[in-house]
Amino acid sequence: MITLKSQEEIEKIRRACLIVAEVLERLKEEVKPGITTWDLNRLSEELARKKKATPAFKGYKGYPYALCTSINEEIVHGMPSKKRVLKEGDIISLDFGVVVDGFYGDAAITVPVGKISERAERLCRVTRESLYCGIAEAKVGNRLSDISHAIQVRAEMEGFSVVREFVGHGIGRSLHEGPQIPNYGPPGRGPRLKAGMVFAIEPMINEGTHQIEILPDGWTAVTKDRRLSAHFEHTIAITPRGPEILSSLNEEAVFFDKSNYRV
């Protein structure tokens with residue numbers, strides 16, 4: 001079931017999303033060689049609590065940290081550690097969420113650590129573009145799988161692959177609501193999109209095979225071939241004016257216009 005949100009509810013989700021965006025922007029500034037993922041996790045929780053927000057991931061299904069820190073071949077759910085020190089040339093995906101006044105916000109970015117290789121840079125760029133291609137299809141009257149198809153087409157035209165096991169989702173009073181939003185599949189399938197739907201769209205794109213493995217910690221998903229993976233996510237609302245990005249700090253980019261985005 002897809003729950004439609006009122007404008008008042010969307011504004012509450014936006015409030016949570018903007019805190020998430022502010023925290024991620026600050027973490028992005030802190031990402032550099034020598035910092036540990038433990039330090040990033042501690043900072044994310046401190047920043048959220050200063051804003052009177054509760055980290056959404058901490059304790060969710062037993063996950064012990066506020067932040068997911070996935071380095072290089074790690075796809076999602078990488079666990080912070082005092083022993084994980086970032087090195088020049090790494091890429092790190094930072095996935096973060098909060099709950100404020102009963103409503104959730106969720107977003108993710110992949111950040112370079114110092115100077116990275118051309119292939120890593122291209123993977124990050126294409127993953128971000130795949131996200132925006134998906135967002136562009138999140139408009140009234142389209143089918144749900146139009147989002148999925150647009151993401152897959154953009155990623156695969158560059159020779160990358162799309163993770164199957166982890167998907168986007170509805171969001172609002174719960175962190176994960178229906179529907180699930182795969183990042184692959186044919187267009188024109190699934191429910192019609194309506195104003196008031198709020199989704200977290202989050203392509204995870206691999207450099208090599210789409211196949212994954214879960215590490216013995218029970219959380220960290222890695223690429224089976226140990227090649228790189230990247231992850232970008234925005235929470236968006238479907239409106240009569242088009243898809244509205246709730247987790248963007250750039251006011252000019254809130255209402256997404258594909259004509260202004262080069263792919």
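Atoms considered below: every heavy atom in the structure, side chains included; atoms not considered: hydrogens, waters and symmetry mates.
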For the pair [X] (side chain) and [Y] (backbone), establish whether a donor and an acceptor sit closer than 3.5 Å, ignoring hydrogens and angles.
X: S229; Y: E74; result: no
X: S117; Y: A120; result: yes
X: E207; Y: L228; result: yes
X: K5; Y: T3; result: yes
X: N142; Y: K139; result: no
X: N72; Y: I91; result: yes
X: N41; Y: A66; result: yes
X: S148; Y: P182; result: yes
X: S247; Y: H234; result: no
X: E30; Y: L27; result: no

Side-chain touch V222/E213, heavy atoms, less than 4.5 angstrom = yes

Rounded to the nearest 0.5 Å, what's the gap from [atom1] on [X] to [atom2] on [Y]? Could you check?
X: I238; Y: E244; atom1: CD1; atom2: CD; value: 11.5 Å
X: E8; Y: I13; atom1: CD; atom2: CD1; value: 11.0 Å
X: L131; Y: I245; atom1: CG; atom2: CD1; value: 7.0 Å
X: E9; Y: D101; atom1: CD; atom2: CG; value: 11.0 Å
X: E29; Y: L43; atom1: CD; atom2: CG; value: 10.0 Å
X: I92; Y: L67; atom1: CD1; atom2: CG; value: 7.5 Å

Between Y60 and H176: side-chain donor-acceptor atoms closer than 3.5 Å = yes

Taking only Lys NZ, Arg NE, NH1 and NH2, and the carboxylate oxygens of Asp or Glu, determine whether [X] and [Y] approach each other closer than 4.0 Å.
X: E11; Y: R14; result: yes
X: R154; Y: E158; result: yes
X: E121; Y: K115; result: no
X: R143; Y: D146; result: no

Before giving the answer on side-chain contact (heavy atoms from CB on, under 4.5 Å), spell out for L123 and T110 the whole-Å C-alpha distance, their side-chain angles and the decisive distance to 0.1 Å.
-> CA-CA 10 Å; L123 175 66; T110 299; over 6 Å; no

Apply side-chain contact (heavy atoms from CB on, under 4.5 Å) to the pair D95 and D106, showing each step before the final yes or no.
-> CA-CA 8 Å; D95 192 358; D106 190 5; 3.4 Å; yes

Are [X] and [Y] connected in the hydrophobic side-chain network, where two residues link if heavy atoms are under 4.5 Å apart?
X: F232; Y: V113; result: yes
X: V167; Y: I171; result: no
X: L175; Y: Y63; result: yes
X: W38; Y: F57; result: yes
X: V153; Y: Y132; result: no

When T54, V23, V20 are each screened for side chain to side chain contact (heavy atoms under 4.5 Å, CB included) with V98, the one that passes is V20

Acceptor/donor pairs from residues 45-52 side chains to any protein atom, 3.5 angstrom cut, sequence neighbours excluded:
from : atom 1 : to  : atom 2 : distance (Å)
E45  : OE1    : K58 : NZ     : 3.2
E45  : OE2    : R49 : NE     : 3.0
E45  : OE2    : R49 : NH2    : 3.0
E45  : OE2    : K58 : NZ     : 3.1
K51  : NZ     : E22 : OE1    : 3.1

Is the NZ or CZ atom of R15 positioned over F103's six-membered ring, under 6.0 angstrom from the centre and within 45° of the axis?
-> no

If you group Ile, Leu, Val, Met, Phe, Trp and Tyr whenever their side-chain heavy atoms sit less than 4.5 Å apart, what else falls in with F166?
-> I75, V76, V163, M204, I212, I214

Apply side-chain contact (heavy atoms from CB on, under 4.5 Å) to R119 and R122, showing your working.
-> CA-CA 5 Å; R119 62 188 177 88; R122 190 165 72 91; 5.7 Å; no

Quick one: side chains of residues 185-201, donor-acceptor pairs under 3.5 Å with protein atoms, not counting sequence neighbours, listed by atom name and distance.
from : atom 1 : to   : atom 2 : distance (Å)
R192 : NH1    : G141 : O      : 2.8

Carefully, step by step, assess F160 and R227 under the rule side-chain contact (heavy atoms from CB on, under 4.5 Å).
-> CA-CA 11 Å; F160 298 134; R227 297 179 72 183; over 6 Å; no

